[in-house]
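Please read the structure below before turning to the comments.
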Amino acid sequence: MPRARRTAPAAVPPAAAGDDGFAARLLAWFDRHGRHDLPWQHPRTPYRVWLSEVMLQQTQVATVIPYFERFVRAFPDLPALAAAPADAVMAHWAGLGYYSRARNLHAAARLCVERHGGELPRDLEALTALPGIGRSTAGAILAQAWGDRFPILDGNVKRVLARYHGVEGWPGLPAVEKRLWALAESHLPHARLADYTQAQMDFGATLCTRAQPACVLCPLNDACVALGAGRTGELPAPRPARVLPERSAVVLLAEDAEGRLLLQRRPPTGVWATLWSLPEAEDEAAARAWFRRHLQGRWAPEPLPELPHAFSHYRLRLRPLRLRRVAPRPAAGDNPDLRWVARAELHALALPAPIRKLTGP
DNA sequence: AATACGGGGCC
DNA sequence: GGCCCAGTATT
């Protein structure tokens, strides 16, 4: 990758009507300072671009990279993913969060085998018709994988455009988002769409950051409305504050005589849907009732330290109770949502992150 | 239009 | 401890 130069970016003449050189400056910046060695760039296949885009939804690059590497090792291409069991897919997503992404990814892979010959369609409508692919992800796939001329509008682009154009209002508001989409379209270059798309994301993630943007080094600093007004700290407008509800739950760490752990599959909707977790109850009384219905042995719960966990939309206090030397009731033995798992097998299962902390690796 | 949906990074 | 992040689906 070329070394950073000390000179100011050369003035770029407008490339087309309505264009102030935004894209050209961003591309020039990208050539020197962008990221060119991300795992999904080598090789940059549609499948790998798609997978990376979905993993990167609401998730930062550094978090995604190890998950991406493991995932493509297990499922190297789209047909392999489509053919995989759902539990295996979920196990490779466990810990990354927003698990509907993984379920949608899997379903979309199977739909591609049905509808599109086992490949991702090169078509905006067909892409957004697949579960888990919205307008921005579809645009990113088309631009990154094929160089097609479509805009994206992720958190980075929203922040950059809100500052550059001085767009007021929280970007989550539909009216503001509509304006930002129009601006994103207006800046679209006519060539190098894959690089341009990557450039916007690298620019937002490394230079035009949320806190402390590096405006001194910015190739757009002479035309940025927010910088000119000294308002980079105020744009984009923050999401309206909200009070997070608090909930608590009792989870059972039930072991049988061999030290195997009892897991329960989560229901198909709600948080951690379809993941394996610990038996959960609202409080200790409900936990005891659950114990008497499903297990036999002594009800002698040992409280373990509480585990606080924060979601985007509420706070959860997990109160673990440990039970030793319990056994299933004979009638409960055929429940497919319950299984006894040796500690050594836990790593292969899709467990929510806080439950993983509780049970160990 | 508002809410559900994870987990981690950063100040 | 609060805010945000390479958003989408559902209601």
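Below, chain A is the first sequence line, B the second, and so on; all start at residue 1.
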Given that A:Thr63 and A:Leu173 both sit by DNA chain B, which one's nearest nucleotide is further toward the 5' end? A:Leu173
Which part of the nucleic acid, if any, lies within contact of A:Phe311, taking any heavy atom under 4.0 Å across all strands shown: a base, the sugar-phosphate backbone alone, or nothing? sugar-phosphate
Any side-chain N or O of A:His309 below 4.0 angstrom from OP1/OP2 of B:dG6? no
Heavy atoms only, 4.0 Å cut-off, all strands: where does A:Gly204 land among base, sugar-phosphate and nothing? nothing
What interatomic distance, in whole Å, is found between C1' of B:dG8 and the corresponding atom of C:dA9? 23 Å
Decide salt bridge (Lys or Arg N to Asp or Glu O under 4.0 Å) for A:Arg343 and A:Glu255; before the verdict, give the C-alpha distance in whole Å, the side-chain angles of both, and the deciding distance to 0.1 Å. CA-CA 10 Å; A:Arg343 299 276 175 176; A:Glu255 290 175 13; 2.8 Å; yes
Scan A:Ile152 against the nucleic acid and name what it touches under 4.0 Å (heavy atoms): base, sugar-phosphate only, or nothing. nothing
Nearest to the side chain of A:Val61, heavy atoms from C-beta on, is which of C:dA9, C:dA6, B:dC11? C:dA6
Of A:His36, A:Gln144, A:Arg35, A:Arg44, which meets side chain to side chain donor-acceptor pair (under 3.5 Å) against A:Gln198? A:Gln144
C1'-based separation of B:dA1 from C:dC5 [nearest Å]: 22 Å
Please figure out whether A:His313 or A:Ala62 has its closest DNA chain B nucleotide nearer the 5' end. A:His313
Considering only atom P, compute the distance from B:dT3 to C:dC3 and round it to an integer number of Å. 16 Å
Please work out if A:Arg356 contacts a base, only the sugar-phosphate, or nothing of the nucleic acid, heavy-atom cut-off 4.0 Å. nothing
Determine the Euclidean distance between corresponding C1' atoms of C:dT8 and B:dG9; express it in Å to zero decimal places. 22 Å
Quick check: any donor-acceptor pair below 3.5 Å linking the side-chain of A:Thr59 to the base of B:dG6? yes
Between A:Leu38 and A:Phe71, is there shared hydrophobic-cluster membership here, with clusters defined by ILVMFWY side-chain heavy atoms closer than 4.5 Å? yes
Check every strand shown and say whether A:Val64 touches a base, only sugar-phosphate, or nothing at a heavy-atom separation below 4.0 Å. nothing
Of the nucleotides B:dA4, B:dG7, B:dC11, which one has an atom closest to the side chain of A:Pro354? B:dG7
Out of curiosity, A:Thr197 OG1 to A:Asp202 CG, how far, rounded to the nearest 0.5 Å? 11.0 Å
What contact category does A:Arg159 fall into here, base, sugar-phosphate, or nothing, at under 4.0 angstrom with non-hydrogen atoms? sugar-phosphate
Do any side-chain nitrogens or oxygens of A:Gln60 fall under 4.0 Å of OP1 or OP2 in C:dC5? no
Within the 4.0 Å heavy-atom criterion, would you say A:Gln198 contacts the bases, only the backbone, or no part of the nucleic acid? base
Check every atom of C:dG2, B:dG7, C:dC5 against the side chain of A:Tyr99 and return the nucleotide holding the closest atom. B:dG7
What contact category does A:Leu51 fall into here, base, sugar-phosphate, or nothing, at under 4.0 angstrom with non-hydrogen atoms? nothing
CD/A:Glu185: more than 12 non-hydrogen atoms of other groups inside 6.0 Å: yes
Taking atom types as they are modelled, is there a donor-acceptor pair under 3.5 Å from the base of B:dG6 to the side chain of A:Ser312? yes
Has A:Arg35 got a side-chain N or O lying under 4.0 Å from the OP1 or OP2 atom of C:dA6? no
Mind checking whether A:Tyr164 and A:Leu227 have side chains closer than 4.5 Å, heavy atoms only? no
Minimum-distance nucleotide to A:Pro238 side chain [options: B:dG7, C:dC4, C:dG7]: C:dC4
